[in-house]
Amino acid sequence: MLERTRELARSWLQKKEVDAIFGLRNKGGYLAPYLFNTEDELADLSISNQYRICHTCRPAKKNILSLMQARDPKLRIGVVCKGCDERALIELAKRSQLDLERIKILGVACTAEEAAECECERPYPGNLLVGDKVAGHSGHPGIDELLKKDIQQRFEFWCQQLGKCIKCYGCRNACPVCFCTDCKMEQELFVKVGRLPPEVPMFQFIRLIHIADKCTGCGECEKACPSNIPLTLITKLLKHDMKELFDYEAGLSVDNESPILLTLDAMPLRDGAGHGG
Amino acid sequence: MDNFEPKLVGFCCNWCSYTGADLAGTSRLKYPPNVRVIRVMCSGRVGPEMVMKAFASGADGVLVLGCHIGDCHYVYGNHRTKKRMAVLKRMIGYLGIDPRRLRLEWVSAGEGAKFAEVVGEFTKQIKELGPKQQPVAS
């Protein structure tokens, strides 16, 4: 699969379809995003489900690809994308964070093992060029457990979980779709400076509700969390709710505007009982 | 618990609901004094973080009031409120706050009686639900 990806990337460079390939480079066992300019460099190209290609650079609060695009307005980049990477690119393009016209997506499917590891619901990109689709994992043991609890127990559960928070902002910083320059999580009004652990329904939940319509399901927030707070529980539940309420799934197409931003005429709200209680 | 008086926060849009609340006052309608009205320019201004902040600051219930669909001063502001609150209701349910503690209603400038009725009903409901659980200090 890796060979096929390299081959394809090489042919894109040869045919001048793209000016450079953006992907992961394996250097001495360490992975990092890298812009491959020449065909020789592609020998180090790597694919991993452990590293997302699409990151928001702090403190510029700009996506790495949009920074490159801003620097060179003519640059055409081929991006080696897994499912979640592609969804992130689409969500960012929807919000004018980058120009998808100048990006060519080299979609790579994840293997069944990788999908299981990430508990990914859609482990393949839309523009699939390498590999075969494998089935996604819809369930999450934690979700069933959380939904079995009553309101009081849920609150206690989150008090306990969020009590571990050290307010490192890792969940936000790792998120590919958190690009706001004016983050509500940094405003004194909503999150008090110097208070640890942060007020319970606020800190993480501000972010979780803000990304409800753009979460790509990559799970980076939970991976980044040093206190192991199960944040993907909520992102997964909200993804289901978006599907149920608006029949919408983030990151499928640039033309699917977020239902939250559309009028009720353009995208009506379905009334479902759901498991919210 | 019998004489529990809930603290409620009511976000009222400037053009309809706040005027509706005003009308309830000038018409000398009786409604429970539990609601603290916060005037916002549009119900679409009420972000999810504002509702969460109200809950975190000790509100037992949050009422979001706006113009009827189609009457919004900013044309589509309340369309977004409706969708946003639907998602937010789901989320506070997972978090452990009863979704019934958040309520969205449309109250026009002429509906002073409806304002009084909504506040009365909501206060009664929250009284039945009891105080919102407070986070245990860790």
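Here is how names work: the chains are called A, B, and so on, in the same order as the sequence lines, proteins then strands, and each is numbered from 1. Just so you know, these numbers use all the heavy atoms, side chains as well, and skip hydrogens, waters and symmetry mates.
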Undergrad: Would you say that more than 12 heavy atoms from the other residues, nucleotides or ligands in this model lie under 6.0 Å from the NZ of A:Lys243, or not?
TA: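 More than 12 heavy atoms, drawn from other residues, nucleotides or ligands, come within 6.0 Å of this atom.
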
Undergrad: Return the CG to CG distance between B:Leu88 and A:Asp241, rounded to the nearest 0.5 Å.
TA: 11.5 Å

Undergrad: Where do A:Leu264 and B:His79 come nearest, in terms of heavy atoms and distance?
TA: N-ND1, 2.7 Å

Undergrad: Do you know which of A:Leu189, A:Leu233, A:Leu208 has the most heavy-atom pairs with chain B at a distance under 4.5 angstrom?
TA: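 The answer is A:Leu189.
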
Undergrad: State whether the number of non-hydrogen atoms from other residues, nucleotides or ligands found under 6.0 Å of B:Lys7 atom NZ is greater than 12.
TA: no

Undergrad: How many angstroms lie between CG in B:Leu95 and CG in A:Leu162, if you round to the nearest 0.5 Å?
TA: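 B:Leu95 atom CG to A:Leu162 atom CG measures 7.5 Å (nearest 0.5 Å).
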
Undergrad: Heavy atom to heavy atom, less than 4.5 Å: which residues from residues 32-57 of chain B reach chain A?
TA: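 So the qualifying residues are B:Pro48, B:Glu49, B:Met50, B:Met52, B:Lys53, B:Ala56.
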
Undergrad: Counting N and O atoms only, with roles assigned by atom type, does the side chain of B:Lys83 sit under 3.5 Å from a partner on the main chain of A:Leu245, one being a donor and the other an acceptor?
TA: no

Undergrad: Is A:Phe157 in contact with chain B via its backbone, its side chain, both, or neither, using a 4.5 Å heavy-atom distance?
TA: neither

Undergrad: List the steps, then state whether side-chain contact (heavy atoms from CB on, under 4.5 Å) holds for A:Leu238 with B:Met91.
TA: CA-CA 7 Å; A:Leu238 285 177; B:Met91 198 191 73; 4.0 Å; yes

Undergrad: Checking heavy atoms, do the side chain of A:Asp265, its backbone, both or neither come under 4.5 Å from chain B?
TA: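 Both backbone and side chain of A:Asp265 come within 4.5 Å of chain B.
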
Undergrad: Can you tell me if B:Tyr76 has over 12 outside heavy atoms packed within less than 6.0 Å of its OH?
TA: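 Counting neighbours around OH of B:Tyr76, 12 or fewer heavy atoms of other residues, nucleotides or ligands fall under 6.0 Å, so no.
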
Undergrad: Give a yes or no on whether A:Lys62 atom NZ has more than 12 heavy-atom contacts from other residues, nucleotides or ligands under 6.0 Å away.
TA: no

Undergrad: Could you tell me which portion of A:Gln152 (side chain, backbone, both or neither) has an atom closer than 4.5 angstrom to a non-hydrogen atom of chain B?
TA: both

Undergrad: Could you look at A:Ile260 and say if it's the side chain, the backbone, both or neither that has a heavy atom under 4.5 Å from chain B?
TA: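 Contact with chain B involves both backbone and side-chain atoms of A:Ile260.
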
Undergrad: Identify which part of A:Leu262 has an atom lying under 4.5 Å from any heavy atom of chain B, answering side chain, backbone, both or neither.
TA: both

Undergrad: Examine whether an atom of A:Met242 lies under 4.5 Å from a heavy atom of chain B, and if so say whether it belongs to the side chain, the backbone or both; otherwise answer neither.
TA: side chain

Undergrad: Sort and list the pairs that fulfil salt bridge (charged side-chain N to carboxylate O under 4.0 Å, His left out) and have at least one residue in residues 65-74 of chain B, not counting sequence neighbours.
TA: none

Undergrad: Is there a side-chain contact (heavy atoms from CB on, under 4.5 Å) between B:Val87 and A:Ile209? Walk through the geometry before answering.
TA: CA-CA 8 Å; B:Val87 181; A:Ile209 189 85; 4.0 Å; yes

Undergrad: So, A:Lys149 side chain and B:Tyr94 main chain: donor-acceptor pair closer than 3.5 Å or not?
TA: no

Undergrad: How about CD on A:Glu101, more than 12 heavy atoms from neighbouring residues, nucleotides or ligands closer than 6.0 Å, or not?
TA: no

Undergrad: If we ignore hydrogens and angles and just use 3.5 Å, is the side chain of B:Arg80 paired with the main-chain N or O of A:Leu261 as donor and acceptor?
TA: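 Answer holds: yes.
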
Undergrad: Look only at the side chain of A:Arg154 and the backbone of B:Gly93, and say whether a donor-acceptor pair between them is shorter than 3.5 Å.
TA: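 Looks like yes, one N/O pair under 3.5 Å.
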
